[in-house]
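Single-structure report; data block below.
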Amino acid sequence: SGASAIITVNTTVSGSATGTISNTASVVSTETDTNTANNSATQTTALVVPGSISGFAYLDVNRNGVRDAGDTPLSGVAVALSGTETASGLVVNRPTTTDSTGAYTFSNLLPGTYQIVQTQPADLKDGQSNVGTGATAPGTAGTNQITSIVLGSGDVGAAFNFGELPLDFSKRLFLSR
């Protein structure tokens, strides 16, 4: 007789699930219902899959602005990611350093807009920064930074690279060593 109820259903979603999930709830009653159109409802939820951004810091031996065979990986280079998650508005700040192969990775990133800043390695001069692939919007490369990287659900951004160059050899540099 006009009664209502609120029912909460808790669910668990597999970590490997992607896409959207539709849940339908139906109500059956022993009372006569003249409006059967309101006895069920469906809610569709888009799943957000974490993504990642990765790249390399390297000595651009042939000075062509591209990481390729013969270039020297730079380990221990400080790289920092910052940005804002789209859905929550949370600010993200994550530092890391490159490994022995010059690689860095920021994983488990929710969709958002990010930037990567590299600390210029000592005894090297700035080479070319390269925007990578796999992001919804790959961003803009600048001096020791790549800004405005838009990461969507499940995006795997790769090859966000920082090239460095050797210092120009001079008599002053030679004498200072």
Side-chain angles (χ1 to χ4, degrees), residues 6-25 41-60 64-69 71-122 124-165:
I6 296 174
I7 300 171
T8 302
V9 178
N10 295 318
T11 62
T12 302
V13 178
S14 166
S16 62
T18 61
T20 58
I21 295 176
S22 293
N23 292 305
T24 302
T42 299
Q43 177 66 45
T44 302
T45 304
L47 297 178
V48 175
V49 178
S52 63
I53 297 174
S54 64
F56 292 87
Y58 65 97
L59 180 63
D60 191 3
N64 67 351
V66 177
R67 181 177 167 268
D68 46 28
D71 287 336
T72 304
L74 298 175
S75 64
V77 176
V79 181
L81 174 130
S82 62
T84 306
E85 294 176 355
T86 302
S88 67
L90 289 176
V91 173
V92 176
N93 289 296
R94 291 196 202 166
T96 193
T97 55
T98 56
D99 66 15
S100 63
T101 68
Y104 70 89
T105 300
F106 297 102
S107 56
N108 293 315
L109 297 173
L110 293 178
T113 302
Y114 299 98
Q115 73 172 2
I116 305 164
V117 176
Q118 173 207 244
T119 300
Q120 178 63 40
L124 295 173
K125 66 181 194 175
D126 189 42
Q128 187 167 330
S129 300
N130 300 108
V131 297
T133 60
T136 299
T140 305
T143 303
N144 287 317
Q145 65 181 350
I146 304 169
T147 60
S148 304
I149 303 166
V150 177
L151 206 62
S153 181
D155 283 356
V156 178
F160 287 83
N161 297 337
F162 295 98
E164 305 303 333
L165 300 171

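Keep in mind that this is a model prediction, so the values were computed, not measured. We're numbering straight along the sequence, starting at 1.
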Step by step, would you call Val79 with Thr98 a side chain to side chain contact (heavy atoms under 4.5 Å, CB included)? CA-CA 7 Å; Val79 181; Thr98 56; 4.1 Å; yes
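- For the side-chain contact (heavy atoms from CB on, under 4.5 Å) with Ile149, the qualifying choice from Leu109, Ile53, Leu81, Thr136 is Ile53, the only one to do so.
- Between Thr119 and Val77 the shortest heavy-atom distance is O-CG1, 3.8 Å.
- Scanning all heavy atoms of the two residues, the minimum distance from Pro111 to Val48 falls at CD-CG1, 3.2 Å.
- Expressed to the nearest 0.5 Å, how far CG of Leu90 lies from CD of Glu85 amounts to 5.0 Å.
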Run the side chain to side chain contact (heavy atoms under 4.5 Å, CB included) test on Thr113 and Thr84 for me, step by step, so that the C-alpha distance in whole Å, both residues' side-chain angles and the decisive distance to 0.1 Å come before the verdict. CA-CA 6 Å; Thr113 302; Thr84 306; 5.8 Å; no
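- When every heavy atom of Ser52 is checked against every heavy atom of Leu151, the shortest pair comes out as O-CD1, 3.9 Å.
- For the pair Ser129 (side chain) and Ile146 (backbone), a donor-acceptor distance under 3.5 Å is absent.
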Go through it in stages, so that I can follow the logic: the residues are Val92 and Phe106, the test is side chain to side chain contact (heavy atoms under 4.5 Å, CB included), and I'd like the CA-CA distance, side-chain angles, deciding distance and then a yes or no. CA-CA 11 Å; Val92 176; Phe106 297 102; over 6 Å; no
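- When all heavy atoms of Arg94 and Asn108 are compared, the pair lying nearest together is NH2-O, 3.2 Å.
- Phe160 and Thr133 get closest at one heavy-atom pair: CE1-O, 4.0 Å.
- Remark: Arg67 is positioned above the aromatic ring of Phe56, its terminal NZ or CZ atom under 6.0 angstrom from the ring centre and at most 45 degrees off the axis.
- Using a distance-only test at 3.5 Å, with no hydrogens or angles considered, a donor-acceptor pair links the side chain of Asn64 to the main chain of Val66.
- Within the model, atoms CG of Leu74 and CG of Asp60 stand 10.5 Å from one another, a figure rounded to the nearest 0.5 Å.
- Across all their heavy atoms, Asp126 and Glu164 have their closest contact at CA-OE1, 3.4 Å.
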